[in-house]
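As the structure is a prediction and not an experimental result, all values here were calculated from the model. In the text below, chain A, chain B and the rest are named by the order of the sequence lines, each starting its count at 1.
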There are 2 protein chains.
Amino acid sequence: MDNKRRGAPVSLIEIAREAAVSPATVSRAFNRPALVQAKTLERIMAVAEQHGFRPNRLGSSLRSGSTRTLGLVLPTLSNPVFADCFEGAEMRARESGYSVMMTVTHYDPALEAAAVHRLIDHQLDGVILTVANPRQSAVLKALKTRGVSYVLAYNESSTHPCSAVDNHAAACDMVEHLAQLGHRRIAFISGPLSMSDRAATRLTGSRSRARSLGLSLIRHYIMPSHTQTDNGILAQMLDGAARPSALFCSNDLLATAVIVSLRELGYSVPDDISVAGFDGIRYGTVMSPSLTTIEAAGYEIGKTACHLLLEQIEHQQSRSQQVPHTLITGASAARLNLPLTHRP
Amino acid sequence: MDNKRRGAPVSLIEIAREAAVSPATVSRAFNRPALVQAKTLERIMAVAEQHGFRPNRLGSSLRSGSTRTLGLVLPTLSNPVFADCFEGAEMRARESGYSVMMTVTHYDPALEAAAVHRLIDHQLDGVILTVANPRQSAVLKALKTRGVSYVLAYNESSTHPCSAVDNHAAACDMVEHLAQLGHRRIAFISGPLSMSDRAATRLTGSRSRARSLGLSLIRHYIMPSHTQTDNGILAQMLDGAARPSALFCSNDLLATAVIVSLRELGYSVPDDISVAGFDGIRYGTVMSPSLTTIEAAGYEIGKTACHLLLEQIEHQQSRSQQVPHTLITGASAARLNLPLTHRP
DNA sequence: CTGAAAGCGCTAACAG
DNA sequence: CTGTTAGCGCTTTCAG
């Protein structure tokens with residue numbers, strides 16, 4: 001009847017008073033209803049309902065030491081793989097009754113540190129994060145010091161729990177594919193490696209496979225960011241006799257940007273030059289030309305990372321898990337056509 | 001020296017003891033440092049630093065009644081406009097020292113309700129949300145009852161504060177554009193309208209403009225979801241003499257799916273049929289054909305929504321703000337080519 | 001400018 | 001099955 005509208009949020013104590021039980025019993029009614037007599041439970045719930053009462057998690061968290069909230073720290077959601085990663089992680093979190101606090105770092109290690117501190121001040125039970133480089137991350141050290149559970153997503157590491165694809169192997173696969181198409185001079189394009197150890201590993205993997213296949217050394221061209229190109233650098237790269245016939249870009253967003261730039265520079269993809277990406281964003285298949293890439297399912301990475309984190313929080317077992325990748329053959333990388341003048 | 005590693009998180013009380021001041025002074029040192037003598041402040045900060053102390057927000061929130069955390073409830077991040085919306089909102093939130101808790105509903109009103117309750121149990125200071133339909137939303141009622149501030153994003157409403165584009169006007173613009181290209185029979189394609197009032201408004205807008213321009217009535221075809229097509233329905237739609245020459249899809253993801261389906265059904269876009277979308281996702285420009293669409297900047301919507309929400313929380317003023325839209329002319333909608341048999 | 005005291009809402013021992 | 005008691009970490013009057 002007297003449902004309070006707006007204002008005075010009722011507390012558990014008042015519910016207890018009205019239901020003529022102790023606060024502890026009301027608490028039990030909500031947390032372990034099995035411990036409360038059916039009749040008492042019913043009465044408590046009736047009173048609670050009538051007031052629209054829901055337990056205040058702040059009080060509960062403060063007392064119990066668990067917020068049932070996880071943090072998610074990702075470089076950006078502009079890249080659909082990270083958006084997928086969120087969805088995978090949140091879905092898994094929700095399944096176990098956890099909420100998710102999220103923040104993006106735009107690949108900036110300074111923001112990264114600030115973001116993580118802001119998050120852990122909220123006393124999160126754990127954090128899933130993608131850092132620039134786990135080997136020299138102040139953030140990971142801070143988490144460890146404070147005893148906050150965490151799992152890396154996308155970053156590979158032998159010293160920290162993580163959920164990622166085998167970037168080295170995936171890059172090998174791509175180089176092998178390009179080689180099979182007849183390419184012998186491949187270039188690797190990425191943003192600054194200091195911002196992404198994934199890109200660095202992909203480069204290393206590419207080079208090692210190129211070597212073992214007897215291809216030319218893969219040259220590395222660095223764009224201003226991980227998602228934008230510099231036409232000047234591209235033009236220079238394509239100027240000269242030893243120019244690459246295929247470009248392996250460290251991610252799909254960059255590959256997309258490269259294709260647009262090449263078009264602006266008067267090159268046709270894949271007729272004049274082949275382009276491959278990494279990530280397997282869904283838009284790759286509807287692009288023109290469709291993107292040759294490595295699928296590294298973001299949803300799986302996020303879901304797995306969250307699963308590992310919960311294992312760590314709830315069962316104190318810390319482990320890593322690799323997520324499989326697949327080569328997606330698109331139209332952006334084609335069989336090498338020797339120029340007319342070189343044909344027999 | 002004796003930096004505690006892992007474990008026993010230091011509390012403000014211990015810092016106070018060690019700095020030989022009262023807890024209240026330590027609290028002031030962190031919240032209103034100006035109220036503390038420089039020397040005392042320095043000493044407190046030194047001790048705090050030494051222990052890696054950071055105030056526990058749970059205690060602070062419980063006592064002060066503010067968590068400095070906002071909730072964000074969106075249908076899905078698979079749609080890049082919502083990912084952008086998050087980035088805009090989070091950026092604005094961070095600017096004012098707020099953190100963001102996020103959840104996705106997959107357009108499901110049941111999930112919507114559960115999600116919002118889970119969030120507000122965390123005592124958020126406010127919530128930004130996109131609901132199926134604000135006119136009959138249990139969720140909005142719940143927020144109002146509990147006195148939680150909120151702002152709608154994407155939903156338009158005259159009774160709730162919101163940040164959105166003028167969907168009616170934008171749809172009019174698109175129909176006008178298609179009419180200018182010579183199209184007289186346009187169809188509107190969307191998911192179930194009960195899941196999205198935006199789609200409903202866009203349909204209404206389209207029809208009203210079609211009427212005023214003297215075009216045929218715009219027929220509405222409903223796909224199983226807002227992002228996936230049913231080839232059967234499409235095939236049926238295109239079977240017959242009065243088939244539409246242009247399809248206006250309620251969002252870009254759906255438009256993309258429609259283009260793929262049409263291709264599977266043997267139609268060429270835009271030669272056989274024109275397709276337009278709504279949202280202005282960035283991949284639209286690199287698709288083939290590039291997408292004709294309405295740009296409704298998600299980043300702006302999110303940023304504005306957050307700004308309005310903070311105004312509400314911090315200055316008790318509640319208002320709405322419209323975000324401008326623009327027509328993007330792509331290649332997916334072309335001038336109507338009359339079939340040869342009909343040409344003079 | 002600083003301290004003492006009270007308590008935000010809840011839960012975890014421990015008794016009964 | 002239920003109650004009592006104490007206190008999680010912090011801020012906020014109100015005095016000094």
Near-strand residues of residues 58-68 of chain B, defined as heavy-atom separation under 4.0 angstrom from DNA chain C = B/Leu62, B/Arg63

Out of D/dG3, C/dC10, D/dG9, which nucleotide sits closest to the side chain of B/Asn56?
-> D/dG9

Scan A/Val26 against the nucleic acid and name what it touches under 4.0 Å (heavy atoms): base, sugar-phosphate only, or nothing.
-> nothing

Euclidean distance, atom CD of residue B/Gln123 to atom P of C/dG9 [Å, nearest integer] = 9 Å

Min side-chain heavy-atom separation B/Leu12-B/Phe30 under 4.5 Å = no

A/Glu14 CD to C/dG9 P, straight-line distance once rounded to whole Å = 8 Å

Let me have DNA chain C in dot-bracket notation, would you? Count Watson-Crick plus G-U wobble pairs, both distances under 3.5 Å, and use [ ] for pairs crossing earlier ones and | for inter-strand partners.
-> ||||||||||||||||

Gap between atom CD of A/Gln123 and atom CG of A/Asp121 - 0.5 Å precision = 7.5 Å

Close side-chain approach of B/Ser318 to B/Pro161, heavy-atom, < 4.5 Å | yes

Within a reach of under 6.0 Å around CD of A/Glu95, are more than 12 heavy atoms found that belong to other residues, nucleotides or ligands?
-> yes

OP1 or OP2 of C/dT2 sitting under 4.0 Å from any side-chain N/O of B/Thr25?
-> no

What is the nucleic acid contact for B/Arg28, judged by heavy atoms within less than 4.0 Å: base, sugar-phosphate only, or nothing?
-> base

Report yes if the distance between the aromatic ring centroids of B/Phe86 and B/Tyr299 is under 6.0 Å, otherwise no.
-> no

Parallel, tilted or perpendicular for A/Tyr107 and A/His226, by the 30°/60° rule?
-> parallel

Step by step, would you call A/Ser64 with A/Ser66 a side-chain hydrogen bond (donor to acceptor under 3.5 Å, both in side chains)?
-> CA-CA 6 Å; A/Ser64 72; A/Ser66 160; 5.2 Å; no

Carefully, step by step, assess B/Asn133 and B/Ser194 under the rule side chain to side chain contact (heavy atoms under 4.5 Å, CB included).
-> CA-CA 7 Å; B/Asn133 188 336; B/Ser194 63; over 6 Å; no

Of B/Asn155, B/Val151, B/Leu143, the residue whose pairing with B/Leu129 passes side-chain contact (heavy atoms from CB on, under 4.5 Å) = B/Leu143

B/Ile44 CD1 to C/dG3 C1', straight-line distance once rounded to whole Å | 12 Å

Pick the nucleotide of DNA chain C nearest each of B/Arg43 and A/Leu12; which residue has the one closer to the 5' end?
-> B/Arg43

Going through the distances and angles, do A/Thr69 and A/His122 end up as a side-chain hydrogen bond (donor to acceptor under 3.5 Å, both in side chains)?
-> CA-CA 9 Å; A/Thr69 302; A/His122 288 282; over 6 Å; no

Take atom NE2 of A/His122 and atom C1' of D/dC8, then tell me their distance rounded to the nearest Å.
-> 18 Å

B/His51 and B/Glu14: side chain donor to acceptor below 3.5 Å | no

Within residues 30-40 of chain B, find the residues that approach DNA chain D with a heavy atom at under 4.0 Å, and present them sorted by residue number.
-> B/Asn31

Rounding to a whole Å, what distance do you find between A/Arg54:CZ and C/dG9:C1'?
-> 16 Å

